[in-house]
There are 2 protein chains.
Amino acid sequence: MAREKQVTITDIARSLNTTVSTVSRALSNHPSIGVEMKKKVEEAARKLNYRPNVLAANLRRGNTKTIGMIVPLINRHFFANVIAGVDEVLHREGYNLLICQTSESLQREKEVIENLIQNRIEGIVMSLSKESFVSNHIKKVLDYGIPLVQFDRVSADLDVNKVVNDNFNGSYGAVSHLIEQGCRRIAHFGGMFPINIYSERLRGYKQALADSGLNFDNSLIFENVLTQEDGYALTINLLQSDSCPDGLFSASDMSALGALLAVNKYGSTLKKHLRIAGYANEPFTEFTCPSLTSVEQHSVEMGRAAATMLLDEINHSSAERIHKTVTIPAQLFIRNSSLK
Amino acid sequence: MAREKQVTITDIARSLNTTVSTVSRALSNHPSIGVEMKKKVEEAARKLNYRPNVLAANLRRGNTKTIGMIVPLINRHFFANVIAGVDEVLHREGYNLLICQTSESLQREKEVIENLIQNRIEGIVMSLSKESFVSNHIKKVLDYGIPLVQFDRVSADLDVNKVVNDNFNGSYGAVSHLIEQGCRRIAHFGGMFPINIYSERLRGYKQALADSGLNFDNSLIFENVLTQEDGYALTINLLQSDSCPDGLFSASDMSALGALLAVNKYGSTLKKHLRIAGYANEPFTEFTCPSLTSVEQHSVEMGRAAATMLLDEINHSSAERIHKTVTIPAQLFIRNSSLK
DNA sequence: AACATTTACGCAAACGTTTGTTCTTTTATT
DNA sequence: AATAAAAGAACAAACGTTTGCGTAAATGTT
């Protein structure tokens, strides 16, 4: 508000008895300005403590060098790492990153999208909130001609650039591993199945069972068990039931952790055991007792890939582009929780 | 680049045979515009798929509603949480957050500061990189009249708003706890001592020893032992020495974890034991074997406090302000690693 | 009925740049 | 020495808003 008068190129021009156009070109090292004039301008700029106003520049030339990023929660390990990957390649190319979090709310997602458009960001990389089953608000981005790449939680019904973890194979590998370890009744703690990542993990789970000739028991599949608490409570139930499973593949490390703690606490007294595998390879999985088998998603790499795709679309904006889906391989980290 | 012609208030004005000023005021619900005109403008805006160009608006009215945030690493648990806290209060007040990471490089820190100034952010909340022992580049921010609040790693020699964890008391409490548990020779794994947080933790450590009448052994203090690897290697050395300590207070959970793993592996064969406490209360501390005693820093709360201070300075910009330091209490989480 | 006030809107300048065009001076070409 | 070309710099418009001021018509006051 009470910002003291900015010093502008007009001030520089006046101090040198020249014009703004000359100063502007001098500062951007334009060839048609003499080397002597450039020196003088640079010195005057320094002396006056001048800072270019990039708002004005952006307005004039019609591009902000910034791209918008939308994540459900900024401080989740996974998202923070994707952000880091995105920032890495974007910063290298001179772009700024405007980061917004939706807090898993569709309403907020709509708001931040509007906000980003109005801020004239040049592209968006985003992951959907848990409530985002519709995609009208995403279409607005496309209608406005803004390059978009979705990552992780993506819109199944939208033809846009996407980068996703190979949830199917990640899941398939984890479940196959449990089977190899002797599991015959494997439970699955999933997320909300309409969301692509969770449906894919479920699909991988089913396929692995099928390919091993194990029959599939719907009563062993649980939707929306993603937290430590839910995993803990549900596992206690399972351990007490007569048809207790002997393995668990969880779509979330948190609920896998809950399960692990439940087994630690009640397993021996109930004479039941569960071999467990989780998903996401959260930092703690290495240190639990026993250590937790999990699937690494290479989140930083996902961020890099997303940013690279976006930049590519921004730079080679051939009218109608073909939208690709980049799949980042999943990697199973076998630890003690799943071993015999 | 090939951005299709923007639709502007000029287009709206033309479509209604009125002027841009009327449209502008109508859109911002100015009282001197008739209700009927407002309706027409809003409808035309919707019909034309108009989005205000906030760049232009910002340029004109001389304020961007965005503040800059500078962190060493965006995907560290601690920083990600502070960011979340900052974003929470800033978003609530209608501000955008431009986040930059320095990757612990002073050079990058200088660059992003310049960049933020040039983007005319209205304030900065930042934590220093590990290389930032000088503060000329920070002074530029102040010289330019930009409200600044530093958090966590702050400049000792600068009179600015700060919010810091109570590192002294956090450390003091942890060491006192170790002493209560019977430790008599307590080692300290520290960071780089010129950095305020690490010097404070060292100070708390020394004070706790002194207050318990324990004598202080310089050979038990180690600078810059912050990683799991360093903690692990160093602890093995300690376990093998004849003057092995019986306790360890680490300024980092990572090196505390390394120590814990080293003790797990070699403690029994070497017939040595260490009670351990770390700092930061990283998510994994709860799940290690044994679980790791640590000090919680309330990172989200730090972020909220920092943002609140910043907003306060922005809004009540009385020419010369008194700069405060807000101290967030530390909280000791006692777990098994430190118990007898 | 004459004037004052209010309501609703138009005019034009300003924010700080960038950039196409024009103009003057210097240097090269013949 | 006359002319063409190149170099260096100035002019002015434009980017899309906001906002102070002016003004016509409508309403209120006496």
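Proteins come first, then strands; the chains are lettered A, B, ... in the order of their sequence lines, and each starts at number 1.
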K.L.:
For B:Phe151 and B:Phe78, take the angle between the two ring planes, folded into 0 to 90°, and tell me which bin it lands in: parallel under 30, tilted 30 to 60, perpendicular over 60.
P.N.:
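Ring orientation of B:Phe151 relative to B:Phe78: tilted.
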K.L.:
Once you round it to whole Å, what is the distance between C1' of C:dG10 and CZ of B:Arg14?
P.N.:
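Taking atom C1' of C:dG10 as the reference, CZ of B:Arg14 is at 16 Å.
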K.L.:
Could you say whether A:Ile9 or A:Arg25 is positioned toward the 5' end of DNA chain C, judged by the nucleotide with the nearest heavy atom to each?
P.N.:
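The 5'-side residue here is A:Ile9.
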K.L.:
Side chains of A:Asn115 and B:Asn96: any donor to acceptor distance under 3.5 Å?
P.N.:
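The criterion, which ignores hydrogens and geometry beyond distance, is satisfied for A:Asn115 and B:Asn96.
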K.L.:
Respond yes when some side-chain nitrogen or oxygen of A:Gln6 is under 4.0 Å from OP1 or OP2 of C:dC15, and no when none is.
P.N.:
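A:Gln6 to C:dC15 OP1/OP2: no side-chain N or O under 4.0 Å.
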K.L.:
Mind calculating the distance between CD1 (A:Ile33) and P (D:dG8) to the nearest angstrom?
P.N.:
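Atom CD1 in A:Ile33 sits about 9 Å away from atom P in D:dG8.
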K.L.:
When the distance from CG of A:Asn53 to C1' of C:dT18 is rounded to whole Å, what number comes out?
P.N.:
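A:Asn53 atom CG is separated from C:dT18 atom C1' by 13 Å.
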K.L.:
Could you tell me whether the side chains of B:Ser105 and B:Ser103 share a donor-acceptor contact shorter than 3.5 Å?
P.N.:
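Not at all, the side chains of B:Ser105 and B:Ser103 share no donor-acceptor pair under 3.5 Å.
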K.L.:
Do B:His30 and B:Ser32 meet the criterion of a side-chain donor-acceptor pair at a distance under 3.5 Å?
P.N.:
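Result is yes, a qualifying pair exists.
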K.L.:
Is there a side-chain contact between B:Thr10 and the phosphate of D:dG16, meaning an N or O under 4.0 Å from OP1 or OP2?
P.N.:
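Looking at the OP1 and OP2 atoms of D:dG16, neither is under 4.0 Å from any side-chain N or O of B:Thr10.
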K.L.:
Looking at C:dC9, C:dT17, D:dT17, which one has an atom nearest to any side-chain atom of A:Ala57?
P.N.:
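Shortest atom-to-atom distance from the side chain points to C:dT17.
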K.L.:
Counting only distance, no hydrogens or angles, is the base of C:dG16 paired donor-acceptor with the side chain of A:Arg51 under 3.5 Å?
P.N.:
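Looking at the base of C:dG16, it does not pair with any donor or acceptor on the side chain of A:Arg51 (distance under 3.5 Å).
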K.L.:
From the options C:dC11, C:dT17, D:dT17, select the nucleotide whose nearest atom is closest to the side chain of B:Tyr50.
P.N.:
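My answer, after comparing the listed nucleotides, is D:dT17.
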K.L.:
Tell me whether the OP1 or OP2 atom of D:dC11 has a side-chain N or O from A:Ser21 closer than 4.0 Å.
P.N.:
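Indeed not, no polar side-chain atom of A:Ser21 lies that close.
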K.L.:
What is the distance from NE2 of A:His30 to C1' of C:dT21, rounded to the nearest Å?
P.N.:
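So the two atoms are 12 Å apart, to the nearest Å.
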K.L.:
Does any donor-acceptor pair link the side chain of B:Thr19 with the base of C:dC11 at a separation under 3.5 Å?
P.N.:
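No, no donor-acceptor pair under 3.5 Å.
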K.L.:
Of the listed nucleotides (D:dA9, D:dT17, C:dC11), which one gets closest to any side-chain atom of A:Thr22?
P.N.:
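Minimum distance to the A:Thr22 side chain belongs to D:dA9.
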K.L.:
Under 4.0 Å, counting only non-hydrogen atoms across every strand here, what does A:Ser28 touch: a base, just sugar-phosphate, or nothing?
P.N.:
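A:Ser28: no heavy atom of the nucleic acid under 4.0 Å.
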K.L.:
May I have the distance from A:Leu59 (atom CG) to D:dT18 (atom C1'), rounded to whole angstrom?
P.N.:
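So the two atoms are 13 Å apart, to the nearest Å.
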K.L.:
For B:Asn17, answer base if it contacts any base atom (sugar-phosphate contacts may also be present), sugar-phosphate if it contacts only those atoms, and nothing otherwise; contact means non-hydrogen atoms under 4.0 Å.
P.N.:
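It contacts sugar-phosphate atoms only.
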K.L.:
For B:Glu36 and C:dT7, what is the distance between atoms CD and P respectively, to the nearest whole Å?
P.N.:
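Distance check: B:Glu36 CD to C:dT7 P gives 17 Å.
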K.L.:
Would you mind classifying the nucleic acid contact of A:Ser24 as base, sugar-phosphate or nothing, using non-hydrogen atoms under 4.0 angstrom?
P.N.:
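Base, at least one base heavy atom under 4.0 Å.
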K.L.:
Take atom CG of A:Leu55 and atom P of D:dG16, then tell me their distance rounded to the nearest Å.
P.N.:
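It works out to 15 Å between those atoms.
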K.L.:
Round to a whole Å and report the spacing from CD of B:Gln118 to C1' of C:dG16.
P.N.:
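After rounding, the reported distance stands at 13 Å.
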K.L.:
Is there a donor N/O on one and an acceptor N/O on the other, under 3.5 Å, for the side chain of B:Arg61 and the base of D:dG16?
P.N.:
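When only heavy-atom distances are counted, B:Arg61 does not reach the base of D:dG16 through any donor-acceptor pair under 3.5 Å.
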K.L.:
Regarding A:Asp157 and A:Ser135, is there a side-chain donor-to-acceptor distance under 3.5 Å anywhere?
P.N.:
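Short answer, yes.
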K.L.:
Using the closest heavy atom to pick a nucleotide of DNA chain D for each, name whichever of A:Arg60 or A:Lys38 lands nearer the 5' end.
P.N.:
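Looking at DNA chain D, the more 5' nearest nucleotide goes with A:Lys38.
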K.L.:
Verify whether one side chain among A:Arg120 and B:Gln6 offers a donor that lies under 3.5 Å from an acceptor in the other.
P.N.:
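Checked: A:Arg120/B:Gln6 side chains pair up, N/O donor to acceptor below 3.5 Å.
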K.L.:
Using a cut-off of strictly less than 4.0 Å, decide whether A:Thr18 has a side-chain nitrogen or oxygen near OP1 or OP2 of D:dA10.
P.N.:
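Checking D:dA10 against A:Thr18, a side-chain N or O does come within under 4.0 Å of OP1 or OP2.
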